[in-house]
Amino acid sequence: MEKKEQKEKVKSEVPNPGKGYWKKMKKWKKFLLILGILAAVCVAAFCIYKWIVRTQMDEETKKRDSWSVETGEWIETNREQRVDIYESAEDSQISVYQIVPREAEKDSFTYYNIQVQDRLADTLEDLKAAKDYTLGAPLAVWNPFGTGSNGLYIYFQYDGAAELSYTIHVDDPSIEDYTAQANIEAGDSLRGAAAGIEFLMIGLVPGLVNEVTMQVYDDSGSLMDDFTFEITAPETISGYEIKLESTRGISGEALADGLYYTLGTQGYYGYMFFFDNQGVMRYEMLLDGYKADRMIMDGDEMICCVSSDQIGKINRLGRVTRIYTLDGYVMHHDFNRGRENCLLVLATRENAKNNAVMDRVVEINMETGAVEELVNLQDIFHEYYVQTDTVSETDPFFWQAGTRDWIHVNTIDTLGEDSIILSSRETSTIIKLSDIYGEPELEWLIGDESYWDKTAYEDFCLSMDGDFTPQYGQHTVTVMESEDLEEGRYYLMMYNNNYYANSTRTDGYEPQLDDQVSQALSDDRKASYVYFYLVDENAGTYSLEWSFEVPYSSIVSSVQLLDENYVVNSGVAKTFGEYDSQGRLIRSFAYDTTFQGYRVMKDDFSRFWFK
């Protein structure tokens, strides 16, 4: 027994190198397993992120899935126009109709069709002519032309009426009363019904009971009559929030009058949201997909993109009066006024050679509807273009993978009769072209001069006058001419994203960036800026005359000068704000989006919805 115990003791004391080896192996296996799991999680997260972003980008060109709305009880059918007439699905103290084309449930249906709009207009005229309407019993129709969700059409006759104002109150202490003076100047009939007061009431808060007081005035401004009623506005079709969270800034200046409007809220393409100065939604406009890019007021009509290949004209009642289709092209990012009765549009040529995108300027003649390509930037920058390639899966702008997004023009503005200013995000360069209606020529470039060193375009760079950091990834470059400046000198206002990235240049160029500039899509340590350049073509220079800091947004975003205030959208930061003339924040608003919001701007909509 003693020998056995002694043997066991000796055995336990003998070193076993193999045992330590296997312990170490087990530790390494655990480490490698954990490392493998982390790597798999990172790869999966990246793939999911990439899928989400690319899906959201694809959303931009997608058509609207459905135009269906909830309706009340069926009343009758206008057989000639093939339009059904319903009572409103919402509670109201006045009689309210809904008019819907019979084919509205079909997949191919869209309200952005002139024939459909004409049928709805004729149906509306039949309703106007059917009886006499008064202030206390008006003809009321929800969104008669299908281009909004909470616009209430009102029509009635009233002798001697010159003006009409309305106030909207909801039983919510966080929402202030909204008062507007309606534009009733164009209240004439298409087919002979008696002229009267006719307008689209903007301001009803979606999903809530709205108490509306309408007041009629004579031409001396004296109150003639008033009428109050309650009506429940339809819920938003998009499901978007009806009140934005807002924060007061340090400035005590007043906000400009008007409504903020969104141009491309990702996750909600196909909609434009209009918010008042409290951040309350006052109108939800419906597009046929895409984003509006820019809104131009043309007399008593609004011009905006209504789908990825169409621009529409819409009147104050929501009726689409004209559709311009860019056959063979897809729009991206911007359009603007050109020569008389024409629009200049940034576009991608469908099925372009080498998958090149976002490198054309086309013109739409608003009288004839004709579309003509004016500028192919591949011709202007041919020596640079041939040194670029398609975007890969690992590039900064990987969601564009497979496309040759080699210059990515995001803004267009005019300068003089035949020159344009373009903003190129991919090269962080501002470009001036002349003779765009003849033989387009490159006039100058503004940006980091080292970007164009040792290229065929280095001599076109204007020289920096002063010590400052140039713009990177800029958006909404806007010409600001001044009578105080001699010919050849003018200002450029822009949203300087302050973000450098390039996914297509192949010669190995790497910029020497100041510490101020970011190379990250999200970066809490950096800021974006509103920049004002003074361009002096006579001296061949540009200088930074003024700037102020805004929340950082690597891509998208906008700045607009309205009266003496600046409306600024930082799209990736998901916030827009209004700043005073000194660049001090008056108020900011946070908004919901799946990734970013393209632009937010503001207008008083006078001579359109309002007087």
Euclidean distance, Y268 OH relative to T594 OG1, rounded to 0.5 Å:
8.0 Å
Does any N or O in the side chain of Y437 come within less than 3.5 Å of the main-chain N or O of R339, such that one atom is a donor and the other an acceptor?
yes
Donor-acceptor contact below 3.5 Å, side chain N336 vs main chain D413:
no
Which of these, R525, K526, Q519, sits in a side chain to side chain donor-acceptor pair (under 3.5 Å) with D523?
R525
Can a donor-acceptor pair be found, under 3.5 Å and without considering hydrogens, that links the side chain of S557 to the backbone of G571?
yes
With a 6.0 Å cut-off (strictly less than), is the heavy-atom count around CD of E417, excluding the residue itself, greater than 12?
no
Under a 3.5 Å threshold, yes or no: a donor from one side chain and an acceptor from the other, between Y271 and R64?
yes
No-hydrogen, no-angle side-chain donor-acceptor test under 3.5 Å, D465 and T541:
no
With salt bridge (Lys or Arg N to Asp or Glu O under 4.0 Å) as the test, would you mind laying out the steps for R489 and E537 before giving the verdict?
CA-CA 6 Å; R489 303 177 79 224; E537 293 186 352; over 6 Å; no
CD/Q516: more than 12 non-hydrogen atoms of other groups inside 6.0 Å
yes
Quick note, salt bridge (charged side-chain N to carboxylate O under 4.0 Å, His left out) partners involving residues 418-430, not counting sequence neighbours, are D405-R425
Does D524 CG have over 12 foreign heavy atoms under 6.0 Å away?
no
When the ring planes of F468 and Y542 are compared, do they come out parallel, tilted or perpendicular, using 30° and 60° as the limits?
perpendicular
Pair Y531 and Y533, ring centroids less than 6.0 Å apart
yes
Tell me, with the steps shown, if I242 and V280 meet side-chain contact (heavy atoms from CB on, under 4.5 Å).
CA-CA 6 Å; I242 62 171; V280 178; 5.7 Å; no
Under the criterion side-chain contact (heavy atoms from CB on, under 4.5 Å), I'd like the reasoning laid out for C304 against M285: C-alpha separation, chi angles, the key distance, then a yes or no.
CA-CA 11 Å; C304 65; M285 183 173 169; 4.0 Å; yes
Carboxylate-amine/guanidinium contact D300 R316, below 4.0 Å
no
Does the separation of the ring centres of Y290 and Y269 fall below 6.0 angstrom?
no
Please say whether the positively charged group of R584, taken as NZ for Lys or CZ for Arg, lies over the ring of Y579, i.e. under 6.0 angstrom from the six-membered ring centre and within 45 degrees of the axis.
no
When D293, D334, T262 are each screened for side chain to side chain donor-acceptor pair (under 3.5 Å) with R599, the one that passes is D334
Under 6.0 Å between the ring centres of F381 and Y457?
yes
Kindly assign one of parallel, tilted or perpendicular to the pair F275 and F576, based on the angle between their ring planes and the thresholds 30° and 60°.
tilted
Assert yes or no for the condition that the ring centre distance of F274 to Y283 is strictly below 6.0 Å.
yes
Under 3.5 Å, is there a donor-acceptor pair linking the side chains of S307 and D309?
yes
Quick check against the 3.5 Å criterion: does Y491 have a side-chain atom that pairs as donor or acceptor with the backbone of E545?
no
For the pair H408 and H332, name the ring-plane relationship: parallel under 30°, tilted 30 to 60°, perpendicular over 60°.
tilted
State whether D276 and K602 are salt-bridged, where the test is any N-O pair (Lys NZ or Arg NE/NH1/NH2 against Asp/Glu carboxylate O) under 4.0 Å.
no
Check: Y472 ring centre within less than 6.0 Å of Y499 ring centre
no
So, the side chain of S428 versus the backbone of G473: is there a donor-acceptor pair under 3.5 Å, distance only?
yes
Are any of the side-chain nitrogens in K291 or E60 under 4.0 Å away from the carboxylate oxygens of its partner?
yes
Side chains of E198 and Y153, donor plus acceptor under 3.5 Å:
yes
Is it the case that the side chains of N565 and E578 hold a donor-acceptor pair, with the cut-off being a distance below 3.5 Å and no angle test?
yes
Full working for side-chain contact (heavy atoms from CB on, under 4.5 Å) between V559 and V567
CA-CA 6 Å; V559 57; V567 178; over 6 Å; no
Using only heavy-atom distances, determine whether the side chains of S570 and T575 contain a donor-acceptor pair under 3.5 Å.
no
I want to know whether W546 and Y566 have ring centres closer than 6.0 Å.
yes
Would you say K574's side chain and T593's backbone share a donor-acceptor pair under 3.5 angstrom?
yes
For the residue pair Y384 and W406, categorise the inter-ring angle as parallel (less than 30°), tilted (30 to 60°) or perpendicular (more than 60°).
tilted
Has N277 got a side-chain atom pairing as donor or acceptor with A256's backbone, closer than 3.5 angstrom?
yes
Tell me if the centroids of the rings in Y598 and H333 come within less than 6.0 Å of each other.
yes
Mark yes or no for whether N365, through its side chain, and E367, through its backbone, hold a donor-acceptor pair below 3.5 Å.
yes
Donor-acceptor pair between Q310 and D288 side chains, under 3.5 angstrom:
no
Any I311 side-chain heavy atom under 4.5 Å of I303 side chain:
yes
Any non-hydrogen side-chain atom of L259 less than 4.5 Å from a side-chain atom of R282?
yes
Test item: side-chain donor near acceptor, E443 and S434, under 3.5 Å:
yes
Exactly one of T478, V409, T476, N410 should register a side-chain contact (heavy atoms from CB on, under 4.5 Å) with S423. Which one does?
N410
I need the minimum non-hydrogen distance between N498 and Y552, along with the two atoms involved.
O-CE1, 3.9 Å
Mind checking whether F595 and W399 have parallel, tilted or perpendicular rings, split at 30° and 60°?
perpendicular
Using a 3.5 Å distance criterion without hydrogens, assess whether the side chain of D536 forms a donor-acceptor pair with backbone atoms of G540.
no
Taking all heavy atoms of D603 and all of S606, pick out the closest pair and write down the distance.
OD1-N, 4.5 Å
Tell me whether the count of non-hydrogen atoms from other residues, nucleotides or ligands lying under 6.0 Å of CG in D257 goes above 12.
no
Is the shortest heavy-atom distance from the side chain of Y495 to the side chain of V568 under 4.5 Å?
yes
Classify the side-chain pair S554/N497 by whether it contains a donor and acceptor separated by less than 3.5 Å.
no
Walk me through it: do K243 and S174 pass the test side-chain contact (heavy atoms from CB on, under 4.5 Å)?
CA-CA 9 Å; K243 191 172 191 300; S174 70; 3.9 Å; yes
Looking at E458, I'd like to know if its CD atom is crowded, meaning that more than 12 non-hydrogen atoms belonging to other residues, nucleotides or ligands lie closer than 6.0 Å.
yes
Identify whether the distance between the nearest side-chain nitrogen and carboxylate oxygen of R360 and E373 falls below 4.0 Å.
yes
Check: T236 side chain, G239 main-chain N or O, donor-acceptor pair, under 3.5 Å
yes
